[in-house]
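One-based numbering, in listed order, for ligands and for the atoms of each. Along the sequence shown, residues carry numbers from 1. Below, all heavy atoms of this structure are taken into account, side chains as well, without hydrogens, waters or symmetry copies. Just so it is clear, the model here is predicted, and its values are computed rather than measured.
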Amino acid sequence: MRNFLSVNDVESVDSIVKEALELKKDRYRFSELGRNKTLLMIFFNSSLRTRLSTQKAAMNLGMNVIVLDVNAGMWKLETERGVIMDGDKTEHLLEAIPVMGCYCDVIGVRSFARFESKEDDYNEKILNQFVKYSGKPVISMEAATRHPLQTLADLITIEEYKDKPRPKVVMSWAPHPKALPQAVPNSFVEWMNRTDYEFVITHPHGYELSEEFVGNVRIEYDQDKALEGADFVYAKNWAAYADENYGKVISKDTSWTISTEKMALTNNAYFMHCLPVRRNMIVTDDVIESERSIVIPEAANREISAQIVLKKIIENL
Ligand code: AN0
Ligand code: CP
């Protein structure tokens with residue numbers, strides 16, 4: 001594997017999930033593989049899980065790790081080419097990226113959608129510059145349009161918990177006070193389209209995701225109907241994608257919050273969320289604390305998804 005930016009960097013979703021489950025049985029088996037190899041993790045945005053799990057995964061493989069928060073202790077970066085840099089930005093991304101590439105063997109990048117330009121976000125303007133100018137393999141640690149390490153962990157988790165070959169998985173929009181990217185839902189949909197699970201998306205009108213990701217997936221605007229018979233409920237908020245409302249919160253309808261009553265419509269479904277989650281907006285205390293909530297094992301699998309990806313990248317160096 002050269003880069004890990006989307007599902008397209010994976011030869012077979014089924015195989016990588018199986019390999020990940022195998023790795024989980026003995027995560028220290030390849031502790032020599034990453035010797036003298038350095039992972040540099042660049043954060044343009046905050047993180048708890050990605051930061052810790054990816055570093056842990058790299059350490060399991062014997063790698064060295066450097067973490068850099070772009071917003072803490074680093075020169076202010078200009079990202080637009082052609083700008084006369086007479087303001088507060090000291091360094092250009094076009095120098096910073098190749099410099100970063102000098103000090104590592106693999107680069108992880110977290111760079112969310114900025115919601116300033118739909119075109120820039122959906123062209124992955126920041127992430128693609130790392131691919132182009134760092135000279136090193138790049139791992140997306142959630143970029144503007146996708147969060148593949150999260151989705152791989154989600155699939156590992158579903159494989160561990162499912163009790164039938166073809167579970168019904170429902171991805172439901174849920175309310176949130178702030179505008180959140182579409183990266184997590186886009187990725188989830190993109191990977192689900194490569195499985196043979198029964199998959200349904202439910203969201204209010206106006207929250208349609210990009211057709212590029214959704215393809216032929218069933219969209220059900222009636223959340224109650226979508227939840228009927230679900231084996232897994234995957235909750236997530238995202239801001240509107242449509243041109244006229246791009247990056248906007250157009251509903252905070254709390255009748256979409258995943259509650260005990262909503263879960264009662266399902267086939268005793270497991271509750272999933274990538275975290276961080278706003279309680280009593282996305283999901284009630286009762287549901288997230290219930291026996292069917294698997295958000296913590298889901299987060300734990302982030303270590304495994306990052307490790308299988310790093311392993312494949314190191315093996316290809
Ligand atoms: C981010 C998002 O929704 O994309 C990160 C999730 C992993 N969430 C927030 O910013 C709250
Ligand atoms: N799920 C996830 O990526 O969490 P963080 O934003 O805390 O890394």
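- For atom 8 (O) of ligand 2, the nearest non-hydrogen atom from the set Val184, Asn45, Asp154, Thr50 comes from Thr50.
- Neither side chain, Lys312 nor Asn316, offers a donor N or O lying under 3.5 Å from an acceptor on the other.
- Here the options are Lys164, Lys162, Arg166, the test is side chain to side chain donor-acceptor pair (under 3.5 Å), and the partner is Asp231; only Lys164 passes.
- Scanning the protein for heavy atoms near atom 7 (O) of ligand 2, the closest one is Leu48 N, 2.6 Å.
- The aromatic ring centroids of Tyr221 and His203 lie less than 6.0 Å from each other.
- Close contacts between ligand 2 and His147 involve ligand atoms 2 (C), 3 (O) [criterion: under 4.0 Å to a heavy atom].
- Not close to ligand 2: Glu142, with no non-hydrogen atom less than 4.0 angstrom away.
- At least one donor-acceptor pair closer than 3.5 Å links the side chain of Asp9 to the backbone N or O of Ser6.
- No part of Lys178 comes within 4.0 Å of ligand 1, judged by heavy-atom distances.
- Here's the thing with His176: none of its N/O atoms is less than 3.5 angstrom from an N/O atom of ligand 1.
- At a 4.0 Å heavy-atom cut-off, ligand 1 does not touch Asn45 at all.
- Screening Gln307, Glu160, Glu19 for a side chain to side chain donor-acceptor pair (under 3.5 Å) with Lys24, the sole residue that qualifies is Glu160.
- With atom 1 (N) of ligand 2 as the reference point, the heavy atom nearest to it among Val277, Leu275, Val295 is part of Leu275.
- With a 4.0 Å heavy-atom cut-off, ligand 1 is reached by the side chain of Lys236 but not by its N, CA, C or O.
- A donor-acceptor pair shorter than 3.5 Å cannot be found between the side chains of Thr284 and Asp286.
- For ligand 1, the atoms lying closer than 4.0 Å to a non-hydrogen atom of Leu180 are 3 (O), 9 (C), 10 (O), 11 (C).
- The nearest protein atom to atom 2 (C) of ligand 2, hydrogens excluded, is given as Arg302 NH1, 3.3 Å; this is a heavy-atom distance.
- With hydrogens left out, the protein atom closest to atom 4 (O) of ligand 2 is Arg49 NE, 2.8 Å, a heavy atom.
- Some N or O of Gln150 is nearer than 3.5 Å to an N or O of ligand 2, by distance alone.
- At the shortest separation from atom 6 (O) of ligand 2 among protein heavy atoms lies Arg110 NH1, 2.7 Å.
- Protein heavy atom in closest approach to atom 5 (C) of ligand 1: Glu142 OE1, 3.4 Å.
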